[in-house]
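Inspection log for the structure reproduced underneath, given as structure tokens.
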Amino acid sequence: MTRPGLHTLTGGRGLLFGGDYNPEQWPEHVWAEDAELMRAAGVNLVTVGVFSWARIEPEPGARDFAWLDRVLDLMDESGIAVDLATPTASPPPWLGHRRPETLPVDESGHRLWYGSRNQFCPSSPVYREHALALVEDLAARYAGHPALALWHVGNEYGQVCHCDESAEAFRTWLKARYGDLDALNEAWGTTFWSQRYGDWAEVVTPRRAPYIINPSQQLDWRRFCSDALLDHFRAERDLLRRHTPDIPVTTNFMGLFKPVDAWSWAREEDVVSNDHYPDPADPLAPARTALTHDLMRGLAGGGPWLLMEQAASAVNWRPHNPPKPPGRLRLESLQAVARGADGLCYFQWRASRFGAERFHSAMLPHAGPDTRLHAEIRAHGRELRELARVAGRPVPARVAMVFDWPSWWALEERGRPSDRLNAVEQLFSYYLPFWERGVTVDLVPPSADLTGYALVVVPNLFLVSDADAGAMTAYVHGGGVLVVGPFSGIVDPRAHVRTGRFPAPLRAVLGASGEEWQPVEGPVRCRWAGGAEFDAHTWTELVAAEGAETVAAFAGDGRPAVLRHRAGEGVAWYVATMPEPDALGELAERALADAGVDGILPEPRHGVEAVRRGEILFLLNHGTETVRVPLPRPATDLLTGSAADGHVVLAPRAVAALVEPSPQTPPPGDDIEITL
Ligand code: GLA
């Protein structure tokens with residue numbers, strides 16, 4: 001059976017627009033006003049019930065659905081679809097009070113209490129029993145309700161617990177993975193520091209210990225934590241599917257969030273959705289956001305995804321929270337559309353009066369509808385209707401970037417050559433030059449089929465399996481271009497160092513190998529073969545060419561810093577240091593030239609993001625200056641209806657959605673048809 005997906009929502013609605021709606025915080029007379037204002041703003045999807053467990057089940061076993069019936073009926077009457085949440089992210093106080101074993105325990109053995117949210121142990125059978133009983137009744141109640149369009153399981157999964165029940169569940173998971181204790185001892189290398197386990201009962205979670213904890217144990221613990229949460233997600237999902245096989249199921253990710261291996265989770269849901277809150281103090285936030293959106297598209301298998309939460313203006317959880325200036329809300333939302341989002345939702349619809357998030361912005365601020373912010377929301381909702389035709393369109397990419405959670409986990413354990421290596425920063429430093437040049441990048445897992453890409457970049461893959469290293473090698477031999485960053489291919493899936501010259505499993509394809517890692521303080525001068533110089537930082541390696549040409553060398557002793565190797569039909573690059581951004585730009589250009597890939601714009605402009613979705617070329621000015629952007633072909637801006645011949649002028653925070661007339665495309669106007 002084909003599973004329902006985002007298309008089942010966007011089919012009749014076009015792009016989705018809305019937010020978290022928490023009517024339980026308001027008297028009912030406010031709900032009618034909400035519905036009216038939502039309609040006026042073009043809202044067509046709301047997420048309801050995320051934190052409503054205590055309202056639905058005020059005491060154990062009780063059910064109060066009457067209020068929720070009225071909310072869903074009201075939404076239906078208003079033509080607004082509902083993304084109904086299972087309210088299991090925040091159990092009511094009665095559960096923790098009566099059954100404290102459902103509360104999570106931190107690595108020091110301290111129980112975390114109610115009074116906030118997320119206070120549950122993922123491995124607690126009692127928590128699960130209560131959660132599933134509620135989900136079962138919720139699903140039975142609303143199966144067939146005309147407003148129900150999507151299920152939202154829990155909220156931002158990431159809880160970790162070190163209680164005895166979690167330790168027991170960890171042991172069960174380990175038994176399934178290793179079979180017996182001998183295999184566990186082998187995998188964890190427990191001959192080191194006298195850590196041998198003689199009885200399963202001795203095996204516990206990596207609780208607070210006097211010194212560095214076994215890295216293989218830590219790695220398995222992280223795998224287990226992600227799997228334990230996923231197991232709970234699946235249990236809820238299966239109940240929902242039993243009642244409503246035609247309603248898609250999602251849970252909201254948090255981008256590059258360490259606790260959950262999003263690649264393994266995404267396979268289990270029908271719709272990929274994400275919560276994203278760019279840091280207004282970070283000048284590189286637009287590029288980081290683009291990276292996160294590209295990851296979501298990758299998780300969705302290249303298809304559309306849903307921006308489940310963003311802020312209409314300020315958040316309240318950073319130490320200092322300036323509002324978004326006029327136009328940024330629109331710019332950020334359209335950036336997500338350009339990168340494959342079919343839905344643009346906010347946390348939340350109406351600003352709360354009380355509770356921990358009373359100073360978080362919302363689509364409808366405390367000051368009411370007659371405000372600058374709400375006017376922007378309305379205008380944005382209107383405009384999204386003009387873009388309805390974008391829904392479902394693909395975002396083509398010829399470049400892939402590999403990112404992996406277990407490798408991230410393994411890389412960032414204590415006790416390594418430098419704590420300054422950071423998997424996400426390494427990924428971002430390689431992503432940035434492609435973003436600046438208008439080259440669209442797909443994020444993929446190491447096990448992905450790489451054959452459709454002209455260029456594959458591996459910024460860091462500290463942990464790599466033999467199979468994945470073999471596939472990368474075959475990719476190059478078959479004509480692909482591969483770029484590998486430093487400290488890759490170092491450990492196997494157990495986090496054991498692969499002995500021999502590094503990176504052992506990629507040595508042959510890279511035509512180079514190393515013998516020593518040499519982290520550095522301060523910049524290190526490097527020189528391209530042509531003579532130009534650049535700085536590198538943090539990390540160098542003592543590497544020898546074994547068939548590769550030295551493209552850049554360390555200026556001090558002339559040993560290789562960047563190598564390029566022809567292998568089979570393709571080319572493999574190895575970067576044995578961390579070049580400064582301009583040098584990474586140079587490297588990206590050379591690798592793109594090898595791969596025959598061009599950027600979208602004839603001349604990229606600083607701060608202007610360029611990305612194609614379907615036949616639409618999106619240009620987004622994230623900079624502070626008005627820019628004139630030359631265009632590859634004459635086009636019409638879908639947002640303004642105006643023609644752009646040769647160039648387009650973009651004020652700060654302006655966006656153009658350009659349709660280039662082609663022989664198949666009729667002239668601009670309401671009847672524009674975009675063909676794929
Ligand atoms: C997260 C949560 C929401 C809310 C917002 C605030 O994304 O899912 O419930 O707390 O953050 O930014």
Side-chain angles (χ1 to χ4, degrees), residues 18-26 45-55 82-92 112 114-120 150-159 229 232-233 236 249-260 262 265 269 271-282 285 288-289 292-293 295-296 299 305-324 328-329 332-333 336 341 343-366 373 377:
D20 278 35
Y21 180 39
N22 296 306
E24 64 274 21
Q25 295 176 13
W26 298 92
L45 180 74
V46 287
T47 300
V48 174
V50 180
F51 297 110
S52 65
W53 189 337
R55 178 78 197 261
V82 170
D83 167 30
L84 187 56
T86 67
T88 50
S90 191
L112 306 180
Y114 41 84
S116 178
R117 67 178 185 189
N118 305 75
Q119 72 286 357
F120 67 85
L150 178 65
W151 286 112
H152 180 298
V153 175
N155 194 55
E156 296 189 333
Y157 277 104
Q159 295 73 12
L229 286 167
H232 184 80
F233 165 83
E236 290 199 19
V249 180
T250 190
T251 185
N252 44 346
F253 288 137
M254 284 186 275
L256 286 157
F257 176 61
K258 205 167 176 183
V260 297
W265 279 65
E269 55 180 0
V271 168
V272 168
S273 65
N274 194 44
D275 299 349
H276 188 66
Y277 295 91
D279 182 352
D282 177 5
R288 288 186 203 280
T289 298
T292 308
H293 293 348
L295 171 66
M296 290 307 132
L299 290 166
W305 54 279
L306 174 58
L307 182 55
M308 183 65 87
E309 291 183 28
Q310 54 181 329
S313 186
V315 302
N316 72 319
W317 41 264
R318 292 193 175 99
H320 183 66
N321 297 299
K324 291 186 183 177
R328 176 145 325 144
L329 166 167
E332 290 180 354
S333 216
L344 300 308
C345 296
Y346 292 81
F347 176 83
Q348 61 180 330
W349 163 251
R350 185 185 277 274
S352 302
R353 293 165 296 167
F354 42 66
E357 294 181 324
R358 65 203 195 282
F359 296 119
H360 196 292
S361 66
M363 299 168 83
L364 182 60
H366 292 138
L373 177 54
I377 286 286

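Numbering of ligands and ligand atoms starts at 1, following listing order. This one's a predicted model, so the numbers in the text were calculated from it and none came from an experiment.
The ring pair (Phe, Tyr, Trp, His ring centres under 6.0 Å) search around Tyr114 returns none, not counting sequence neighbours. Under the side-chain contact (heavy atoms from CB on, under 4.5 Å) criterion, Thr250 pairs with Leu150, Glu269, Val271, Ser273, Met308, not counting sequence neighbours. Judged as a side-chain contact (heavy atoms from CB on, under 4.5 Å), and not counting sequence neighbours, the contacts of Ala314 are Asn321.
Annotation: ligand 1 has protein neighbours Phe51, Arg117, Asn155, Glu156, Asp275, Tyr277, Glu309, Trp317, Phe347, Glu357, His360, each with a heavy atom less than 4.0 angstrom from the ligand.
Side chain of His366 to main chain of Arg350: no donor-acceptor pair is present (N/O by atom type, distance under 3.5 Å, no hydrogens or angles).
Rounding to the nearest 0.5 Å gives a distance of 8.5 Å between CZ of Phe253 and CG of Leu295.
Pairing each heavy atom of Asp20 with each of Gln348, the nearest pair is O-CB, 3.4 Å.
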